[in-house]
Chemist: 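Pasting a structure here, questions to come.
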Amino acid sequence: MIRRQTVYGLLAVAIGGALGAYARVVVDMLLPVGEWAFSTLLVNVLGCTALAGLSAYGARRPLAPLLQLVAGTGFCGAFTTLSTVLLLFTTMSAAGYFGYLLLTAASCLAAVFITHRVILRLVPASASHR
């Protein structure tokens with residue numbers, strides 16, 4: 001028999017995933033389509049920022065496991081996309097693709113680093129996390 005917590009966890013990921021996929025489509029619809037796929041770059045940077053913020057906040061304050069599943073695994077997992085970044089290889093020139101790949105990696109790493117540092121400075125540790 002499946003435990004109730006497992007079912008709630010699966011539902012949390014499904015709900016977060018549906019919301020993340022919806023948000024991804026909205027961003028794609030709002031930004032013009034071009035060779036450089038700025039909507040894909042934007043969602044990956046925003047998703048890395050959100051996940052880094054969630055992780056850093058969780059390092060300072062306890063987070064509900066279902067919140068972590070909804071926001072981290074579900075939303076961020078469905079909102080961001082590595083597969084689209086890799087698929088761009090088929091439509092871009094080699095030089096353009098490697099430039100895009102480098103920009104994506106550098107931007108996402110910077111977003112994670114900066115967000116993590118900022119959250120750790122702004123959010124004091126709770127008594128249970130000291």
Chemist: Of all the heavy-atom pairs spanning Asn44 and Thr81, show the shortest one and how long it is.
Modeler: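 Heavy atoms only, the tightest pair is OD1-N, 2.8 Å.
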
Chemist: Is Leu19 linked to Leu11 within one hydrophobic cluster, defined over Ile, Leu, Val, Met, Phe, Trp and Tyr using a side-chain heavy-atom separation of less than 4.5 Å?
Modeler: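 Different clusters: Leu19 never reaches Leu11 through Ile, Leu, Val, Met, Phe, Trp or Tyr contacts under 4.5 Å.
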
Chemist: How close do Leu63 and Leu54 get, counting heavy atoms only, and between which atoms?
Modeler: CD1-O, 3.5 Å

Chemist: Where do Val45 and Ser107 come nearest, in terms of heavy atoms and distance?
Modeler: CG2-CB, 3.6 Å

Chemist: Do Thr104 and Cys108 have side-chain heavy atoms sitting under 4.5 Å apart?
Modeler: yes

Chemist: Roughly how far, to the nearest 0.5 Å, is CG of Leu109 from CD1 of Ile114?
Modeler: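 The CG atom of Leu109 is 10.5 Å from CD1 of Ile114, to the nearest 0.5 Å.
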
Chemist: Taking Leu42 as the starting point, is it possible to reach Val26 by hopping between hydrophobic residues whose side chains are less than 4.5 Å apart?
Modeler: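 Val26 does not cluster with Leu42.
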
Chemist: Rounded to the nearest 0.5 Å, what's the gap from CG on Leu101 to CE on Met92? Could you check?
Modeler: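 Answer for the CG-CE pair, Leu101 versus Met92, is 9.5 Å.
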
Chemist: Assigning hydrophobic clusters by single linkage (Ile, Leu, Val, Met, Phe, Trp, Tyr; side-chain heavy-atom cutoff under 4.5 Å), is Tyr22 placed with Val43?
Modeler: no

Chemist: For a quick test of reading the model, state the closest non-hydrogen atom pair linking Gly47 to Cys76 and the distance between them.
Modeler: O-SG, 3.9 Å

Chemist: Roughly how far, to the nearest 0.5 Å, is the OG1 atom of Thr115 from the CG atom of Leu46?
Modeler: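 If I round to the nearest 0.5 Å, the distance is 9.5 Å.
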
Chemist: Should the heavy atoms of other residues, nucleotides or ligands under 6.0 Å from CG of Leu122 be counted, would the total exceed 12?
Modeler: yes

Chemist: Would you say Phe75 and Leu51 make side-chain contact, with heavy atoms under 4.5 Å?
Modeler: no

Chemist: Once you round to the nearest 0.5 Å, how far does CG of Leu10 lie from CD1 of Ile15?
Modeler: 11.0 Å

Chemist: Apply side chain to side chain contact (heavy atoms under 4.5 Å, CB included) to Phe79 and Val27, showing your working.
Modeler: CA-CA 10 Å; Phe79 184 62; Val27 171; 4.1 Å; yes

Chemist: Show the nearest heavy-atom pair for residues Ala78 and Arg24, with the distance to one decimal.
Modeler: O-CB, 4.3 Å

Chemist: Applying the 4.5 Å side-chain criterion to the ILVMFWY set and letting contacts propagate, would Tyr97 and Leu102 be lumped into a single cluster?
Modeler: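 No, Tyr97 and Leu102 fall in different hydrophobic clusters.
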
Chemist: Please give me the minimum heavy-atom distance between Arg60 and Leu120, naming the atom from each residue.
Modeler: NH2-O, 2.9 Å

Chemist: Mind checking whether Val118 and Val112 sit in one hydrophobic cluster, side chains of I, L, V, M, F, W, Y counted as touching below 4.5 Å?
Modeler: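 Cluster IDs for Val118 and Val112 differ.
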
Chemist: What distance separates Thr40 OG1 from Leu87 CG, expressed to the nearest 0.5 Å?
Modeler: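 Between Thr40 OG1 and Leu87 CG, I get 9.5 Å after rounding to 0.5 Å.
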
Chemist: Do Tyr100 and Leu41 make a side-chain contact, defined as non-hydrogen atoms from C-beta onward lying under 4.5 Å apart?
Modeler: yes

